[in-house]
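Structure first, then comments.
In listed order, ligands and their atoms are each counted from 1.
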Amino acid sequence: MHNNVLILDFGSQYTQLIARRVRELNIYSEIIPYNKVPTDLSDYGAVILSGSPLSVRAEEAPIPDLTKIKGKIPLLAICYGAQYLAHFNGGNVAPSNTREYGRANLSFIKEHEPFFHIINEGSQVWMSHSDTIKELPKGAVLLASTHDVENAAFRIEGEDSYAIQFHPEVYHTTDGEQLLKNFLVDIAGMEQDWTPDAFVETTIAELKNTLGDDKVILGLSGGVDSSVAALLLHRAVGKNLYCIFVNNGLLRKNEFHDVLEQYEGMGLNVKGVDASARFLGALAGESDPETKRKTIGRVFIEVFDDEAHKVENAKWLAQGTIYPDVIESVSVSGGPSATIKSHHNVGGLPDYMKLKVVEPLKLLFKDEVRRVGASMHMDPNILGRHPFPGPGLGIRILGDITAEKVAMLQDVDHVFIKGLKDWGLYDKVWQAGAMLLPVNSVGVMGDERTYEKCVALRAVESTDGMTADWVNLPYKFLQKISNEIINKVKGVNRVVYDISSKPPATIEWE
Ligand SMILES: Nc1ncnc2c1ncn2[C@@H]1O[C@H](COP(=O)(O)OP(=O)(O)OP(=O)(O)O)[C@@H](O)[C@H]1O
Ligand SMILES: O=c1[nH]c(=O)c2[nH+]cn([C@@H]3O[C@H](COP(=O)(O)O)[C@@H](O)[C@H]3O)c2[nH]1
Ligand SMILES: NC(=O)CC[C@H](N)C(=O)O
Ligand SMILES: [Mg+2]
């Protein structure tokens with residue numbers, strides 16, 4: 001009861017961050033498009049309205065019906081949300097004359113307001129808007145101003161409704177977390193009891209309830225998400241969980257074998273399917289990156305479908321979909337599509353598979369998935385594993401793929417990753433890998449001319465893969481690794497290090 005925060009999304013680029021910040025307070029939150037307000041609101045202890053790229057003055061302005069919310073459930077309206085409360089309740093919102101983007105400081109805070117508890121004048125806030133609230137709505141009490149924005153925060157008298165023009169969810173709002181805590185805990189009275197242990201317990205109970213004695217199939221990749229999903233499902237349905245791990249011939253060196261072995265120790269029922277030849281056959285001669293991705297996706301579905309048919313009476317397909325995957329495919333106007341992303345790295349499963357989809361992690365962020373795994377005592381080696389793309393080395397071999405190139409890149413990648421581990425750098429890097437370039441260059445080895453391949457090493461820091469920066473690996477390390485690669489991997493005579501950030505580059509080269 002009342003243990004959930006409803007975040008109504010108006011399409012702001014920061015909506016996900018609001019959810020994150022709320023969960024960092026150990027309070028559960030869910031993002032729902034503004035036009036899909038649930039009819040039953042009894043679970044929600046507070047509602048937050050997000051920002052929006054649209055203007056309240058625009059014809060297509062998102063206008064949700066808040067009659068069951070405003071004045072009834074504690075409400076926090078952010079940016080567009082604040083403008084919305086003003087505009088439709090007798091206030092006035094107009095384009096602003098000055099640019100209101102970036103850092104600002106609160107120059108006035110009304111005293112003795114629980115909303116601003118232990119937040120002081122001068123506190124830095126982040127603004128990102130072009131409309132401004134010229135006149136407050138009926139019953140509003142001004143709570144804070146900045147130099148340029150007089151109506152930076154207000155509340156509605158007699159209600160637990162609060163509105164702010166700035167963004168508390170953005171890191172640059174230094175007291176943002178405190179402000180959210182003031183609102184959620186002190187004003188809305190929410191409990192801070194949402195922990196990984198609690199998540200595991202309730203999720204297993206829910207899965208038992210939904211799945212009963214049905215058989216469930218899960219594509220296991222060796223990655224964090226599908227592994228944590230597998231553990232949860234295993235606890236819920238035991239031997240009715242059938243895990244399938246496909247070798248697409250584009251995995252890391254020894255990975256097929258190692259991953260299978262690792263799962264054996266966890267008591268999971270995993271079937272390894274070696275479909276390398278099928279994948280490499282389908283990819284032969286293909287060098288266009290998008291066609292390669294699509295081919296890998298298509299063959300993956302074929303293999304998966306073949307295997308799924310071997311499990312008699314399977315009813316469910318489980319997936320390790322996580323929250324960012326879901327949110328990426330929710331459009332603000334359309335709302336969530338029926339099936340969100342079946343296999344987001346393999347292009348979606350076809351309807352003929354007739355399996356119902358179950359996604360136990362679909363409301364978690366990556367770091368939360370890791371925490372949930374840790375609370376189930378999952379092997380830290382799996383939990384700490386760098387993300388690895390479904391199409392694997394296929395998108396790190398530029399141009400067409402051959403078995404020889406795969407073997408060459410596997411060896412290069414192995415030296416690099418092992419080196420990172422040996423030097424204690426692996427856990428300091430978010431993701432690392434090597435790219436095989438379609439470039440030959442001239443070298444000299446033992447007095448002989450060589451004309452061989454060039455590889456690029458890439459190591460990045462990131463939180464979610466959406467943006468990334470290259471890692472400043474020690475020169476000594478790079479020197480050692482470059483030497484080792486050229487000495488050990490036949491066919492490679494040159495190593496370069498990728499120093500591009502994302503954007504404008506991407507993490508993978510294809
Ligand atoms: N080789 C594979 N065999 C079987 N299923 C796979 C394979 N590769 C990917 N999948 C499926 O595709 C899903 C998406 O892959 P993705 O790489 O995004 O997640 P992950 O591998 O579980 O975690 P991570 O992001 O840490 O790599 C996986 O959860 C898994 O269900
Ligand atoms: O499961 C996946 N299927 C894919 O098709 C895919 N393409 C990229 N990635 C991973 O996503 C992150 C961002 O990669 P990019 O900067 O290259 O887009 C990085 O972590 C990439 O490894 C993929 N993961
Ligand atoms: N970030 C926002 O919510 C912006 C709201 C509105 N589109 C404006 O420009 O003022
Ligand atoms: Mg993966």
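- For ligand 1 and Val224, the ligand atoms under 4.0 Å from any heavy atom of the residue are 23 (O), 24 (P), 26 (O).
- In Arg385, neither the side chain nor the backbone holds a heavy atom less than 4.0 Å from any atom of ligand 1.
- Here atom 17 (O) of ligand 2 lies nearest to Glu508 when heavy atoms of Gln431, Arg293, Arg396, Glu508 are compared.
- If you check each of Ile217, Asp225, Val270 against atom 23 (O) of ligand 1, the one with the closest non-hydrogen atom is Asp225.
- In this pair, Phe115 and Tyr162 present their aromatic rings parallel. The plane angle is below 30°, not in the 30 to 60° band.
- In this structure, Tyr101 and Trp126 have perpendicular ring planes: the angle between them is above 60°, well past the 30° mark.
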Would you tabulate the polar-atom pairs, meaning N/O of ligand 3 against N/O of the protein, with distances under 3.5 Å, reported to 0.1 Å?
| unit_1 | atom_1 | unit_2 | atom_2 | d |
| --- | --- | --- | --- | --- |
| ligand 3 | 1 (N) | Ser128 | O | 2.8 |
| ligand 3 | 1 (N) | His167 | NE2 | 3.4 |
| ligand 3 | 3 (O) | Ser52 | N | 2.8 |
| ligand 3 | 3 (O) | Ser52 | O | 3.4 |
| ligand 3 | 3 (O) | Tyr80 | N | 3.0 |
| ligand 3 | 7 (N) | Ser52 | O | 2.9 |
| ligand 3 | 7 (N) | Leu54 | O | 2.6 |
| ligand 3 | 9 (O) | Ser130 | N | 2.9 |
| ligand 3 | 9 (O) | Ser130 | OG | 3.0 |
| ligand 3 | 10 (O) | Gln83 | NE2 | 3.0 |
| ligand 3 | 10 (O) | Ser130 | N | 3.1 |
| ligand 3 | 10 (O) | Asp131 | N | 2.9 |

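- Remark: distances from the non-hydrogen atoms of Asn248 to ligand 1 are all 4.0 Å or more.
- The shortest N or O to N or O distance between Gly390 and ligand 2 is under 3.5 Å.
- In this structure, OG in Ser226 is found 11.0 Å from CD1 in Ile322, a value given to the nearest 0.5 Å.
- The atoms of ligand 1 that sit less than 4.0 Å from any heavy atom of Gly219 are 4 (C), 5 (N), 30 (C), 31 (O).
- The contact set between ligand 2 and Thr506, taken as ligand atoms under 4.0 Å from a residue heavy atom, comprises 15 (P), 16 (O), 17 (O).
- The CG atom of Asp400 sits 12.5 Å away from the OG1 atom of Thr291 when rounded to the nearest 0.5 Å.
- Listed by atom number, the atoms of ligand 1 under 4.0 Å from Phe388 heavy atoms are 17 (O), 27 (O).
- Between Ile395 and ligand 2, no pair of N/O atoms sits closer than 3.5 Å.
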field: Worked verdict on Arg20 versus Asp367 for salt bridge (Lys or Arg N to Asp or Glu O under 4.0 Å)
entry: CA-CA 10 Å; Arg20 286 200 68 101; Asp367 54 322; 2.9 Å; yes
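- At distances below 3.5 Å, not a single donor-acceptor pair connects side-chain atoms of Ser161 with backbone N or O atoms of Ile156.
- For the pair Lys366 and ligand 1, the shortest N or O to N or O distance falls below 3.5 Å.
- Under 4.0 angstrom from ligand 2, the non-hydrogen atoms of Pro391 all belong to its side chain.
- Proximity of a side-chain donor or acceptor of Glu461 to a complementary backbone N or O of Ala468 within less than 3.5 Å is not detected.
- The aromatic rings of Phe304 and Phe300 lie parallel to each other, their planes meeting at an angle below 30°, with 60° marking the opposite boundary.
- Annotation: the span from Met266 atom CE to Cys243 atom SG amounts to 8.5 Å, rounded to 0.5 Å.
- Not one N or O of Gly390 is nearer than 3.5 Å to an N or O of ligand 1, by distance alone.
- Those atoms of ligand 2 that come under 4.0 Å of a heavy atom in Lys502, given as number and element, are 13 (C), 15 (P), 16 (O), 18 (O).
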Stepwise side-chain contact (heavy atoms from CB on, under 4.5 Å) test for Ile296 and Arg293: CA-CA 5 Å; Ile296 296 168; Arg293 278 176 174 272; 5.8 Å; no
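- Using a 4.0 Å cut-off between charged nitrogen and carboxylate oxygen, Lys271 and Glu307 count as a salt-bridge pair.
- Only side-chain heavy atoms of Trp430 come within less than 4.0 Å of ligand 2; its backbone N, CA, C and O stay farther off.
- The closest approach between a heavy atom of Phe300 and any atom of ligand 1 is below 4.0 Å.
- Remark: ligand 1 atoms within the under-4.0 Å shell around heavy atoms of Val246 are 1 (N), 2 (C), 3 (N), 4 (C).
- For Glu177, the CD atom is loosely surrounded, since the number of other residues' heavy atoms within 6.0 Å does not exceed 12.
- A cation-pi arrangement is absent between Arg458 and Tyr497 under the rule of less than 6.0 angstrom and at most 45 degrees off the ring axis.
- Summarising the local packing, NZ of Lys134 is surrounded by more than 12 heavy atoms from other residues, nucleotides or ligands at distances under 6.0 Å.
- Neither the backbone nor the side chain of Thr321 comes within 4.0 Å of ligand 1, counting heavy atoms alone.
- Thr132 places no side-chain N or O within donor-acceptor distance of the main-chain N or O of Ser96, the cut-off being under 3.5 Å.
- Looking at Ser226 next to ligand 1, an N or O pair under 3.5 Å apart turns up.
- Geometrically, ligand 1 and Leu220 share a nitrogen or oxygen pair separated by less than 3.5 Å.
- Rounding to the nearest 0.5 angstrom, the gap separating the CD1 atom in Ile133 from the SG atom in Cys79 is 8.5 Å.
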